[in-house]
Amino acid sequence: MKVLKSSGEVREGSFEEQEVKRAFWHTTAHMLAQAVKRLYPEARCGIGPAVDEGFYYDFEFPAAFTEQDLPALEAEMYKIAKEALPVTVEEVTEKDALRYMGERGECYKQELIRELSDTGKDRLTFYRQGEYAELCAGPHVMNTGLIRALKLTSVAGAYWRGKEENRMLTRIYGISFPDAARLDGYLTMLEEAKRRDHRRLGKELGLFAIREEGPGFPFFLPRGMVLKNILIDYWRRLHEREGYQEISTPIMLHRELWETSGHWDHYRENMYTTVIDEREFAIKPMNCPGGMLVYQMEPHSYKELPIRLGELGLVHRHEKSGQMHGLMRVRCFTQDDAHIFMTREQIPAEIGGVLRLIDEVYTKFGFSYHVELSTRPADSMGSDEDWETATQGLVSALEDLGVAYTVNEGDGAFYGPKIDFHLQDSIGRTWQCGTIQLDFQLPMRFGAEYTGADGKKECPIMIHRVVYGSIERFIGILTEHYAGKFPLWLAPVQVRVLSLSEKSEVYARQVYEKLRQAGIRCELDERNEKLGYKIRAARLMKLPYILIAGEKEEREQQIAVRRRDAEEGRQDLGSMSLPAFISMLQKEAKAPVAL
RNA sequence: GCCGAAAUAGCUCAGUCGGUAGAGCACUUCACUCGUAAUGAAGGGGUCGAGGGUUCGAGUCCCUUUUUCGGCUCCA
């Protein structure tokens with residue numbers, strides 16, 4: 001497959017190559033625009049790039065455009081493919097480009113052209129296929145006939161240039177391939193991913209629920225609560241090992257505190273407030289001011305530092321409607337927070353320690369993650385020097401440990417720069433989980449101090465950090481990552497005991513009671529149903545182990561064991577004694593933290 | 001918040017032109033006493049998200065509203 005660059009250079013490459021694939025999708029995006037202009041001549045084009053999975057194109061339609069209108073566009077695009085139009089590139093002057101777009105009413109394109117020449121872009125190119133031409137830097141594939149399979153997947157709104165104050169355009173998403181088989185494969189993969197959706201699994205497995213009575217406020221059901229508690233338990237052990245002390249601060253504090261911390265000025269829109277005895281209170285959106293107050297309750301010496309105060313803090317934030325997403329984005333969540341108070345000299349070691357801790361946890365769950373460094377935002381407080389020092393502190397910690405990261409300009413918290421850890425969900429969307437934020441502001445605003453070796457009062461530096469991020473979001477990610485098949489140590493229910501018939505009910509119950517006594521999370525299915533039916537039910541719940549207790553097992557004082565994950569192709573492990581099974585289980589679910 | 005779509009039994013969904021609200025699974029009862037992914041029969045279960053309107057009559061048409069879904073923006 002040949003790719004045409006804007007210089008006119010032609011390169012041969014395969015569809016599997018990133019550059020070729022993107023050129024392929026980009027050309028398909030142009031075909032979409034071409035089809036739109038054929039069917040809706042009054043529509044105006046925005047931009048239409050290739051993305052990681054396919055492409056999109058933004059349009060302003062004269063009348064409402066809905067998903068029902070997609071098939072007609074798809075048909076027109078197939079027609080354009082069949083026409084096998086050659087794709088060519090030509091250099092144009094700004095004047096010609098503006099005139100061409102002006103004649104066609106393309107005001108968005110004109111805006112782009114003006115902006116490109118204002119930013120000193122000396123070369124403008126048009127790509128042309130048949131009657132359709134547009135401003136584009138390429139590259140593209142060389143013929144529309146190469147696109148043999150395509151699908152327009154969804155319609156969504158998107159602000160022009162991504163800015164909330166701009167007009168909202170209609171964005172059409174799609175994907176294309178050089179053959180039908182690959183398109184089918186892609187669509188099947190999407191179906192698979194839907195099966196892992198934590199919202200679906202959360203319902204099916206009885207983990208959590210969100211109801212109309214509390215939008216964005218999740219309910220944890222018994223099984224989900226077990227999972228949450230296991231994660232908390234693991235977290236506590238780790239933090240004990242790492243020298244953290246755990247605290248708990250109030251969920252609601254007086255307005256003055258939030259004024260001192262700066263939240264009232266910088267975060268007010270997201271805070272819930274209430275009035276008690278005619279005084280205004282805010283429900284905490286973050287735990288830091290509470291942690292700050294704990295630090296200040298007694299005087300500190302440099303010898304005590306670093307002080308690491310951990311808190312599983314329940315925070316509430318008013319996320320705008322339309323932004324919630326299962327457990328991933330909620331209005332009330334538990335942060336596995338900690339605030340570290342330290343001297344300037346301790347910064348590298350402490351940041352390094354947190355980086356290692358986060359890596360240990362993510363590795364434990366088998367996650368791959370990427371790291372971003374977010375720098376000073378427009379709405380922020382503090383001096384330039386402090387921001388510079390703080391940002392430099394994070395950079396050198398990352399570089400000392402050889403962590404690869406990308407920079408996210410202007411995306412830091414209002415009080416300091418941050419390192420973010422992003423994890424992927426089942427369809428490849430990424431979610432920020434862990435974060436490490438360095439803060440010079442808050443200790444200063446609160447007048448926090450410690451006594452140095454020379455007897456002088458100094459202001460400590462503070463780290464805010466979370467590992468899971470939010471336990472809710474982390475559970476969402478975990479559920480999708482494991483597709484609901486939680487490893488034994490995390491599984492809310494580890495074993496289900498099945499009686500074979502009414503004759504084996506008593507024995508099955510005995511087995512169940514013994515497992516419970518051994519501390520194994522188990523359930524008993526003594527319903528009067530066939531074995532196949534009960535196995536199916538247990539399999540659908542994705543339980544790690546199924547035990548069958550029938551008359552034969554009772555005679556031999558054994559149980560028949562069936563496991564969820566086939567080992568060497570076997571799910572049926574045959575019969576064994578209960579003590580043997582229990583010790584096998586205990587070995588498999590061994591303590592998650594090496595202390 | 002914005003653009004688009006959706007909401008019917010516990011769950012997944014059907015419901016034609018506006019004319020007495022349905023299926024499968026789940027649940028309860030009965031029969032069967034069963035060996036590794038669904039035994040059979042019977043029964044209970046609905047203010048069709050909420051509020052208003054049009055109509056002799058609304059799950060169905062119109063308006064408002066809430067929630068959810070796909071995105072945008074924002075964020076853990």
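Just so it is clear, the structure is predicted and the values come from calculations on it, not from any experiment. Below, each value reflects all heavy atoms present in this structure, side chains not excepted, and no hydrogens, waters or symmetry copies. Note on naming: letters A, B, ... go to the chains in the order of the sequence lines (proteins, then strands), and numbering restarts at 1 for each one.
Nucleic acid contact class of A/Ala158 (heavy atoms, under 4.0 Å, all strands): sugar-phosphate only. In this structure, A/Asp197 reaches neither bases nor backbone, as no heavy-atom distance under 4.0 Å exists between it and the strands shown. Within 4.0 Å (heavy atoms only), A/Glu212 reaches at least one base atom of the nucleic acid. In this structure, A/Glu551 reaches the bases: a heavy-atom distance under 4.0 Å links it to at least one base atom across the strands shown. Among the heavy atoms of the strands lying under 4.0 Å from A/Arg171 are primed sugar atoms or P, OP1, OP2 only; no base atom is included. Backbone-only contact: A/Gly532 has heavy atoms under 4.0 Å from sugar-phosphate atoms and none from a base. Counting any heavy atom pair closer than 4.0 Å across all strands shown, A/Met328 reaches a base atom. A/Lys503 comes within 4.0 angstrom of the backbone, heavy atoms only, and of no base. Residue-level contact check: A/Glu213 touches neither bases nor backbone, having no heavy atom under 4.0 Å from any strand. Looking at heavy-atom distances under 4.0 Å, A/Ala560 makes contact with a base. A/Glu529 comes within 4.0 angstrom of a base, heavy atoms only. Residue A/Val466 is classed as having no contact, given no heavy-atom separation below 4.0 Å to the nucleic acid. Among the protein residues, A/Thr170 comes within range of no part of the nucleic acid, since none of its heavy atoms lies under 4.0 Å from any strand. Within 4.0 Å (heavy atoms only), A/Val315 reaches no atom of the nucleic acid at all.
Across the C1' atoms, B/C69 and B/U29 are found 39 Å apart, a figure rounded to whole Å. Spacing of P atoms, B/U20 relative to B/C32, comes out at 42 Å, to the nearest Å. With both ends at atom C1', the span from B/C62 to B/U55 equals 12 Å, rounded to whole Å. Distance check on atom C1': B/U36 versus B/C72 gives 50 Å, rounded to whole Å. The same atom, P, is picked in B/C61 and in B/C74; the two are 37 Å apart, to the nearest Å. The C1' atoms of B/U65 and B/A26 are separated by 33 Å, rounded to the nearest whole Å. Distance noted for atom P between B/G40 and B/U33: 16 Å (whole Å). To the nearest whole angstrom, the two C1' atoms, one in B/G22 and one in B/G46, are 11 Å apart.
Distances shown here put a side-chain N or O of A/Arg527 below 4.0 Å from the OP1 or OP2 atom of B/C27. The phosphate of B/G70 (OP1 or OP2) has a side-chain N or O of A/His325 nearer than 4.0 angstrom. Distances shorter than 4.0 Å separate none of the side-chain N or O atoms of A/Lys530 from OP1 or OP2 on B/G35. Using a 4.0 Å cut-off, some side-chain N or O of A/Lys418 falls inside it from OP1 or OP2 of B/A76.
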Let me check I have this right: for RNA chain B, each base becomes ., (, ), [, ] or |, based on Watson-Crick or G-U pairs with both distances under 3.5 Å. What is the full string? (((((((..((((.....[..)))).(((((.......))))).....(((((..]....))))))))))))....
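By the 30° and 60° cut-offs, the orientation of the rings of A/His318 relative to A/Tyr272 is perpendicular. Ring geometry, A/Phe414 versus A/Tyr267: the interplanar angle falls from 30° to 60°, so the pair is classed tilted.
Once the 5.5 Å centre distance and the 30° plane angle are applied, the aromatic ring of A/Tyr533 is found not to be stacked with the base of B/A37.
With 3.5 Å as the limit, one finds no donor-acceptor pair spanning the side chains of A/Ser504 and A/Glu551. Side-chain atoms of A/Thr334 and A/Glu472 include a donor-acceptor pair closer than 3.5 Å.
A pairwise comparison of heavy atoms in A/Pro544 and A/Leu488 identifies CB-CD1, 3.8 Å as the closest pair.
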Look for any protein N or O under 3.5 Å of an N or O in nucleotides 10-14 of chain B and output each such pair with its distance, or none.
| from | atom 1 | to | atom 2 | distance (Å) |
| --- | --- | --- | --- | --- |
| B/U12 | OP1 | A/Lys203 | NZ | 3.3 |

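Judged by a 6.0 Å distance limit and a 45° cone about the ring axis, A/Arg268 is positioned over the six-membered ring of A/Trp264.
The base of B/G71 has none of its N or O atoms less than 3.5 Å from a complementary donor or acceptor on the side chain of A/Gln323. Interface remark: the A/Asn270 side chain does not form any donor-acceptor pair with the B/C74 base, using a distance-only criterion of under 3.5 Å.
In this structure, A/Lys485 places its NZ atom where only 12 or fewer heavy-atom neighbours from other residues, nucleotides or ligands lie under 6.0 Å away. Other residues, nucleotides and ligands contribute at most 12 non-hydrogen atoms within 6.0 Å of the CD atom of A/Glu269.
B/C34 atom C1' lies 13 Å from atom CD1 of A/Ile548, rounded to whole Å. For the pair A/Arg536 CZ and B/C25 P, the computed distance is 10 Å after rounding to whole Å. In this structure, A/Glu311 places its CD atom 17 Å from P of B/A76, rounding to the nearest Å. Regarding A/Leu70, its CG atom lies at a distance of 12 Å from the C1' atom of B/G70, rounded to whole Å.
A salt bridge between A/Glu350 and A/Arg465 is absent, with no side-chain N of the basic residue lying under 4.0 Å from a carboxylate O of the acidic one.
Mapping A/Gly469 and A/Ala537 onto RNA chain B by nearest heavy atom places A/Ala537 closer to the 5' end of the strand. Place A/Glu319 and A/Arg199 on RNA chain B by their nearest nucleotides, and A/Arg199 ends up nearer the 5' end.
Aromatic ring centroids of A/Phe55 and A/His26 lie 6.0 Å or more apart. A centroid separation of less than 6.0 Å is found between the aromatic rings of A/Tyr40 and A/Phe61. Aromatic rings from A/Phe581 and A/Tyr545 are positioned such that their centres are separated by under 6.0 Å. For A/Phe333 and A/Phe474, the distance between ring centers is not under 6.0 angstrom.
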